[in-house]
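This structure is a prediction, so every number in the text was calculated from the model and none was measured. Note that ligands are numbered from 1 as they come in the structure, with each ligand's atoms numbered from 1 the same way.
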Amino acid sequence: MPASPPQLHGPAFEADPHPAYRWLREHAPVHRVDLPGGAWAWLVTRYEDARRVLADPGMLKDPMAGHEVWRRAGLGLPHDHRPSLVHSMVNTDGPDHARLRRVAGGAFTPRRVRSLVEGAERVTAGLLDRIADSGEADLVRDLAYPLPIAVICDILGVPEADRPEFHRRAAVIDSSSPEELAAVAETTDWFDSYLSALVDSRLAAPCDDLLGDLVESHRAGELSRDEVTSAAFLLLVAGHETTVALLGNMLFTLLRRPGRLERLRADRELLGPAVEEALRLESPLQNATWRFPREATTVGGVELTAGEPVLVSLLAAGRDPERYEDPDAFVPDRGASHLSFGHGAHFCVGAQLARMEARVAVGAVLDRLPGLRLAVDESELRWWPSMIMHGLFALPVRFDRPGPAGCSGR
Ligand code: HEM
């Protein structure tokens, strides 16, 4: 265990951030971290502190509540905080937040999500058809990445013809490495104009999709036009890369524990609990989104002043030994709740959708890819260099190819 605070960036941290978070939970549970652009934030790593901060209405989400150094550093997304993309529920508090959440949240009720299962199964089957005969694949590129974007495009109502460009652009927006900020800014402009044109088309001709519903709320005076485009942008950003990371992290978690993988293959009742345990163990969102104290407050014995940025580490909280017995073990039957979808007023609106996609995707992989194993050594896997996300770039695997038709496998 190192004597001083560990580095929270670089290849070693990205490959295995858990030792650093263990150190912080034990020695500096509310720790000041330096950020790009001269900014800094408080990082909260213990489960109980994390839960309290997430639920605290005095911890504001409006970026204008953040102090000036943070705002100048342009760390939120979009980086220039433009009104057409930033007026969404994740950046608002109180009654405004409740209004935005009520309007967009209707698309993700358990009933609506059930109606999306068949579509997700069809997309997954098509993706697995493409790789099943080859005996090898990259499960991030070939499955985890394309499935969630197809589902979101369906929900939003992105026309088929625009989807290849939409997919390509989403890949750039998902990139959060500092070298790629210029490309992200250019792509943000593209989404701004694209979503605006899509709203115009719905205003001209109503449509039965989420964007159509949002535009109807605009007509009824419930949402401004900026709020419609911001909601669509948020759903794309919040719902895509997170789900890619969940699918990749869950498959990786199973692949490094072949016994667990076989048990799940044999008993599909465990699939739901296994999704929850994978979420706890390898939270796709490393940190929750930014929060800023409305007034001076104390968290974990540390005094914070108004406007100081706060990051809650969901990855660290998920392995807090004060909350979970044997926290590094993968035990689907432990049935413990976690914070990986957040907690309180900003709890993830897409949680049911993400869970459904994980069950569909991992279930289909178990059905269709026998003898599944990692194709490289674990140490060769690359993780996103990101403060926010915790997910794999690629997951190369091998599996048994199907025998010739009619062969009984003797
Ligand atoms: C495994 C996948 C996902 C994970 C791990 C995840 C995680 C989270 C977390 C932790 C929050 C709370 C952020 C905070 O309080 O700072 C959140 C909020 C949110 N999530 Fe997700 N999410 C996932 C998938 C989705 C999907 C599929 C959608 C929709 C298509 C979605 C839409 C949202 C929205 C709109 C919010 C903001 C809610 C609010 O501010 O009231 N998420 N998500």
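Between E378 and R256 a salt bridge is recorded (basic side-chain N to carboxylate O distance below 4.0 Å). For E14 and R382, the salt-bridge test fails: no basic side-chain N is under 4.0 Å from an acidic carboxylate O. Note on R334 versus E277: salt bridge recorded, some NZ/NE/NH1/NH2 to OD/OE distance being below 4.0 Å. Note on E26 versus R22: no salt bridge recorded, every NZ/NE/NH1/NH2 to OD/OE distance being 4.0 Å or above.
Residue I155 does not touch ligand 1, judged by heavy-atom distances below 4.0 Å. With a heavy-atom cut-off of 4.0 Å, L234 touches ligand 1 through its side chain alone. Looking at A358 against ligand 1, nothing comes within 4.0 Å, counting heavy atoms. At a heavy-atom distance under 4.0 Å, only backbone atoms of A345 (N, CA, C or O) approach ligand 1. With a 4.0 Å cut-off on non-hydrogen atoms, R101 touches ligand 1 through its side chain and not its backbone.
The L314 neighbourhood of ligand 1 comprises atoms 10 (C), with distances under 4.0 Å to a heavy atom of that residue. Each of the atoms 40 (O) of ligand 1 lies under 4.0 Å from some heavy atom of V90. Short contacts between ligand 1 and F108, defined as distances under 4.0 Å to a heavy atom of the residue, involve ligand atoms 29 (C), 30 (C). Those atoms of ligand 1 that come under 4.0 Å of a heavy atom in L246, given as number and element, are 1 (C). The distance from ligand 1 to the heavy atoms of L285 drops below 4.0 Å at these ligand atoms: 7 (C), 8 (C), 9 (C), 10 (C). Atoms of ligand 1 lying under 4.0 Å from any heavy atom of A354, numbered from 1 in the order shown and given with element: 1 (C), 2 (C), 24 (C).
Ring planes of Y47 and Y324: perpendicular class, angle over 60° (limits at 30 and 60°). Ring geometry for W40 versus H67: interplanar angle of 30 to 60°, hence tilted.
Residue contacts with ligand 1: H97 is included, with a non-hydrogen atom under 4.0 Å away. Using a non-hydrogen distance threshold of 4.0 Å, R355 does not register as a contact of ligand 1. By the 4.0 Å heavy-atom criterion, W290 is excluded from the residues contacting ligand 1.
Cation-pi check for R319 over Y21 is not met; the charged atom does not lie both under 6.0 angstrom from the ring centroid and within 45 degrees of its normal. R260 forms no cation-pi arrangement with F330, by the criterion of a distance under 6.0 Å to the ring centre and an angle within 45° of the ring axis.
When only interatomic distances are considered, the shortest N/O to N/O separation between E357 and ligand 1 does not fall below 3.5 Å. Any N or O atom pair closer than 3.5 Å counts here, and R291 shares at least one such pair with ligand 1.
With hydrogens and angles disregarded, no donor-acceptor distance shorter than 3.5 Å links the side chain of R294 to the backbone of G58.
If you check which protein heavy atom lies closest to atom 42 (N) of ligand 1, you get C348 SG, 3.0 Å. The protein heavy-atom contact nearest to atom 24 (C) of ligand 1 is T242 OG1, 3.4 Å. Among all non-hydrogen protein atoms, the one lying nearest atom 35 (C) of ligand 1 is V349 CG2, 3.3 Å. Distance from atom 13 (C) of ligand 1 to its nearest protein heavy atom, with residue and atom name: T289 OG1, 3.9 Å. F341 CD2, 3.6 Å is the protein heavy atom nearest to atom 6 (C) of ligand 1. Scanning the protein for heavy atoms near atom 7 (C) of ligand 1, the closest one is S340 O, 3.5 Å. With respect to atom 26 (C) of ligand 1, the closest heavy atom belonging to the protein is G239 CA, 3.3 Å. Atom 12 (C) of ligand 1 has as its closest protein heavy atom H346 O, 3.4 Å.
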- request: Please test D192 against S84 for side-chain hydrogen bond (donor to acceptor under 3.5 Å, both in side chains), starting from the C-alpha separation and ending with a verdict.
  value: CA-CA 7 Å; D192 200 356; S84 52; 2.9 Å; yes

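Just one residue in the list K61, H97, R101, R291 forms a side chain to side chain donor-acceptor pair (under 3.5 Å) with H346, and that residue is H97. When R323, R280, E276 are each tested for a side chain to side chain donor-acceptor pair (under 3.5 Å) with S337, only one passes: R323.
Taking the six-membered ring where the residue is Trp, the centroids of H390 and W383 are separated by under 6.0 Å. Under the 6.0 Å cut-off for aromatic ring centres, W42 and F292 do not qualify, their centroids lying 6.0 Å or more apart.
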